A.B. asks: 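Would you mind keeping the following structure in view while I ask a few things?
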2 protein chains.
Amino acid sequence: MTTGSLNIDRARSAGRIEHDIETLAGPDYTRSEEAIRRYAYTPEYRNTLDYFIGELEALGFEHYEDPVGTLVARNRPRGEKVFGVGSHCDSNRNGGKYDGTMGVVAALEVCRLNEELGLDLPLQLVSFLEEEGSGFGQMLLGSRIIAQRVTEEELREGFRAIDDGRSFWEHAEEAGYDPGRWQEAVHTIDDLIGWIELHIEQARVLQDTDKRLGIVNAIAGYVHADITVHGRSDHAGATPMGFRQDAGLVAAECMLELERLAREAGRGTVGTVGEMELRPNLINAVPGEAQFSLDIRGVDEEGFRGVARDIAAFAKEAAERRGMTADYVQRQTLSATPLDERVVGALEKAAEASGEAYVAMHSGAAHDTMSIADRVPSAMVFVPCKDGISHSPEEDADPADAALGAEVMLNAIRELVAGKS
Amino acid sequence: MTTGSLNIDRARSAGRIEHDIETLAGPDYTRSEEAIRRYAYTPEYRNTLDYFIGELEALGFEHYEDPVGTLVARNRPRGEKVFGVGSHCDSNRNGGKYDGTMGVVAALEVCRLNEELGLDLPLQLVSFLEEEGSGFGQMLLGSRIIAQRVTEEELREGFRAIDDGRSFWEHAEEAGYDPGRWQEAVHTIDDLIGWIELHIEQARVLQDTDKRLGIVNAIAGYVHADITVHGRSDHAGATPMGFRQDAGLVAAECMLELERLAREAGRGTVGTVGEMELRPNLINAVPGEAQFSLDIRGVDEEGFRGVARDIAAFAKEAAERRGMTADYVQRQTLSATPLDERVVGALEKAAEASGEAYVAMHSGAAHDTMSIADRVPSAMVFVPCKDGISHSPEEDADPADAALGAEVMLNAIRELVAGKS
């Protein structure tokens, strides 16, 4: 059985989405007055989950939180097949209103439309814990726990809060969760027959091509790593240039070389030094140590992994040329993720039916969908964000685009669920 | 009248100097367990002043502190001519036992020898406040206040504590001082007929030439400044390389260009980027802003000022090439300081009489002597520090060299005071 495409009341949906987004940008939901700043186990994050729980209870959904705090809400008993929708509602520390949150809000709108239009689709909304890493410096943490892509040792000891250095485990327990049962989080996706995540694009492709929808067919993989250069701290005035082991200069060479390598690799490969620390970080001291982060991504697996290998080798050579040493330590890595042809196809068909042109594209940013796409047929929908700016309070997006996205998701799910029945 | 050269009991002086240095490296005198860390208006700094006051009172010296906390002790009433000796006893935040403190200790030893040998030389010991800038980020602060090289606005508002952001003024008042009278500090040097400061060299010239004494005939001038590059923070995964305004890359180019410019200027000119901050400083965000410090020094006035001008221009051009902007803001500057021929000559003569070879040299590091040398005939004595390492807990120096330095200072002062009488 297939079904004709539904046209929703987009203006009404856009109004509800805007109300949700603006509510969640209020002072109860962010730890900063200048930006959205919310992360796991803070009161502001708890308030955000409670807002979604309230809205979903009103639709008759049952909800639970997994052993570390990922929110799950369903309109069918556990064990029955459902279609998954959702994203994350934590933010970057200096974030905007839309990254993640608009995806959960659009998923909520799909649930509302399902109720309102009497479609009775079997749905499960998921809001993954700690996608941005603002709490513990670990991206995609909630979905990686579901995917069992962490170790107990990491959760107990390795992952430490940016704010106070205490362990993830200790914080989870203090927030009332039961991290000892973390492996049971895998069952969150047991019943899913498919998964769609809507997200802002975080780049300029949609804006520059004047499109309101991107249907995502692959997600770039990444390597996150740190390089530490070990030199020698000396007095900045009294140490002649030829007698220095200035770790900062090796860092500078690596920053420029990473840019060169990423451009040379092409095919959308990108490389970024986002964090930098000089030690002792004093105006009158030659830096004795420099530590900086690497974020290297691409959909071409060999391409981006080659950049990571090359910059690690370059750092060692550049340090040696100046009589120093350098360590490369990988923090985290994930392979590029192809998405499911059938889910992508249903979304493209629904996008065509909506009357709005769309772009078939890949995602340069990582998303929770990466953690579950090998077990659940998955795809993503992108909507534009102004000038491609995200991870910033200047982030801007249009609720009307999210409403259009919700319509497209709803029609795709109708087709995919019908195909299963 | 001239006097024959005295030979002191160097072993006894070395023992007293070592006792002072080791005492002041104890837990009551540092805020860190791993390093010496003491700065203005902390209990540890107060304890250090009190130690010197106790020792000087035992020698019959009277003491006072100027309106912001520079310690002055004299064996003649105010208004009578005296010869000045001293240095500073605050430290770098990650400092060693010798930088500054050994100079005050050697000055104290000169006072002890004067008493012990019945020389009755008129002496004034000074321990300048806040030479390192660890409290308020302002180098040579106490001696610059004496030299009136600050403004009231800076003291009231501009200079802020690194620890809590409160003003210098507020901290000084809280510590019981009277910063409203700061201009009276100028009188600290009214009675000085000359000035000698002993300090560790903080470089390798003495070690490499196997000498125990350096007689310093000039001090390098410097420019301290900050450059801020304004780019745009974007998502590190989703923003293609060609669409970025990565402020960190301009900073990296400036770091390498500063090295090139300082080497090209030659004549001992040095340039250092010691502080660096990327914003938002997150692994997955393209740096939207980069701020870094410049420390540029030399005895060739035109040479080092040219480097400062060139790096400021380069930063603007490098930023523009990438579609960004850069600001250059000078934090502080001081001209190169020639020292007094007569005081230098007396020190060289005393060094020759000591039987130890010496090096005539300039100082690449800034010292409080720079602040007073235009009003008081001044010179400095350097003693070796191991491998040239300073501003580090690994800093190491030999009390025996300081004892030799005290003998040379004592004999030079005897000659200079005799020449005045």
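Order of the sequence lines sets the chain letters (A, B, ...), proteins ahead of strands, with each chain counted from 1. Fair warning: this is a prediction, and the values are worked out from it, not measured in the lab.
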A.B. asks: Decide yes or no for A:Asp208 and B:Phe243: does some side-chain heavy atom of the first lie under 4.5 Å from some side-chain heavy atom of the second?
C.D. replies: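 Yes. Closest side-chain heavy atoms under 4.5 Å.
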A.B. asks: To the nearest 0.5 Å, tell me how far A:Ser233 OG sits from B:Glu395 CD.
C.D. replies: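 CD of B:Glu395 is found 11.0 Å from OG of A:Ser233.
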A.B. asks: Minimum heavy-atom separation for B:Leu249 and A:Leu256, please, with both atom names.
C.D. replies: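 Distance-wise, the nearest heavy atoms are O-CD2, 3.7 Å.
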A.B. asks: Decide yes or no on salt bridge (charged side-chain N to carboxylate O under 4.0 Å, His left out) for A:Arg232 and B:Glu394, but give the supporting numbers first.
C.D. replies: CA-CA 11 Å; A:Arg232 189 182 58 225; B:Glu394 289 164 50; over 6 Å; no
A.B. asks: Would you say the side chain of A:Arg204 lies within less than 4.5 Å of the side chain of B:Asp234, judging by non-hydrogen atoms?
C.D. replies: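 A side-chain contact under 4.5 Å exists here.
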A.B. asks: Where does A:Asp226 contact chain B at under 4.5 Å (heavy atoms): side chain, backbone, both or neither?
C.D. replies: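 Neither the backbone nor the side chain of A:Asp226 comes within 4.5 Å of chain B.
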A.B. asks: Let's go through A:His391 and B:Asn284 carefully: what are the C-alpha distance in whole Å and the side-chain angles of both, what is the deciding distance for side-chain contact (heavy atoms from CB on, under 4.5 Å) to 0.1 Å, and is it a yes or a no?
C.D. replies: CA-CA 9 Å; A:His391 287 187; B:Asn284 59 348; 3.5 Å; yes
A.B. asks: For chain A, which candidate among B:Ile296, B:Ile389, B:Asp387, B:Leu278 shows the most heavy-atom pairs at distances under 4.5 Å?
C.D. replies: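 Answer, by heavy-atom pair count under 4.5 Å with chain A: B:Leu278.
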A.B. asks: With a strict 4.5 Å heavy-atom criterion, list every residue of residues 217-225 of chain A that contacts chain B, or say none.
C.D. replies: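 Within residues 217-225 of chain A, near chain B: A:His224, A:Ala225.
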A.B. asks: A:Asn94 vs B:Arg279, test: side-chain contact (heavy atoms from CB on, under 4.5 Å). Steps then yes/no.
C.D. replies: CA-CA 10 Å; A:Asn94 186 44; B:Arg279 301 184 188 117; over 6 Å; no
A.B. asks: If I compare all heavy atoms of A:Met241 with all of B:Arg263, which pair ends up nearest, and what's the gap?
C.D. replies: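 Distance-wise, the nearest heavy atoms are O-NH2, 3.5 Å.
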A.B. asks: Chain A heavy atoms under 4.5 Å from B:Arg331: which part of the residue, side chain, backbone, both or neither?
C.D. replies: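 The side chain, not the backbone.
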A.B. asks: Among B:Arg93, B:Met139, B:Arg244, which has the most heavy-atom pairs under 4.5 Å with chain A?
C.D. replies: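 Most heavy-atom pairs under 4.5 Å with chain A: B:Arg244.
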A.B. asks: Go through the atoms of B:Ser390 and report whether side chain, backbone, both or neither lie under 4.5 Å from a heavy atom of chain A.
C.D. replies: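 Both parts, heavy atoms under 4.5 Å.
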A.B. asks: Taking side chain as everything from C-beta outward and backbone as N, CA, C, O, which of these in A:Glu201 sits under 4.5 Å from a heavy atom of chain B? Side chain, backbone, both or neither.
C.D. replies: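 Backbone only.
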A.B. asks: Which of residues 267-277 of chain B get closer than 4.5 angstrom to chain A, counting heavy atoms alone?
C.D. replies: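 Result: B:Thr269, B:Val270, B:Gly271, B:Thr272, B:Val273, B:Gly274, B:Glu275, B:Met276.
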A.B. asks: Please give me the minimum heavy-atom distance between B:Ala238 and A:Ala203, naming the atom from each residue.
C.D. replies: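 Answer, listing the atom of B:Ala238 first, then A:Ala203: O-CB, 2.7 Å.
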A.B. asks: Using non-hydrogen atoms only, which part of B:Leu294 is less than 4.5 Å away from chain A: side chain, backbone, both, or neither?
C.D. replies: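 Interface part for B:Leu294: backbone (N, CA, C, O).
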A.B. asks: Please classify the contact between B:Glu253 and chain A as side chain, backbone, both or neither, with a heavy-atom cut-off of under 4.5 Å.
C.D. replies: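 Both the backbone and the side chain of B:Glu253 come within 4.5 Å of chain A.
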A.B. asks: Looking only at heavy atoms, which two atoms of A:Met255 and B:Gly248 are closest? And how far apart?
C.D. replies: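 Minimum heavy-atom separation between A:Met255 and B:Gly248: CE-O, 3.2 Å.
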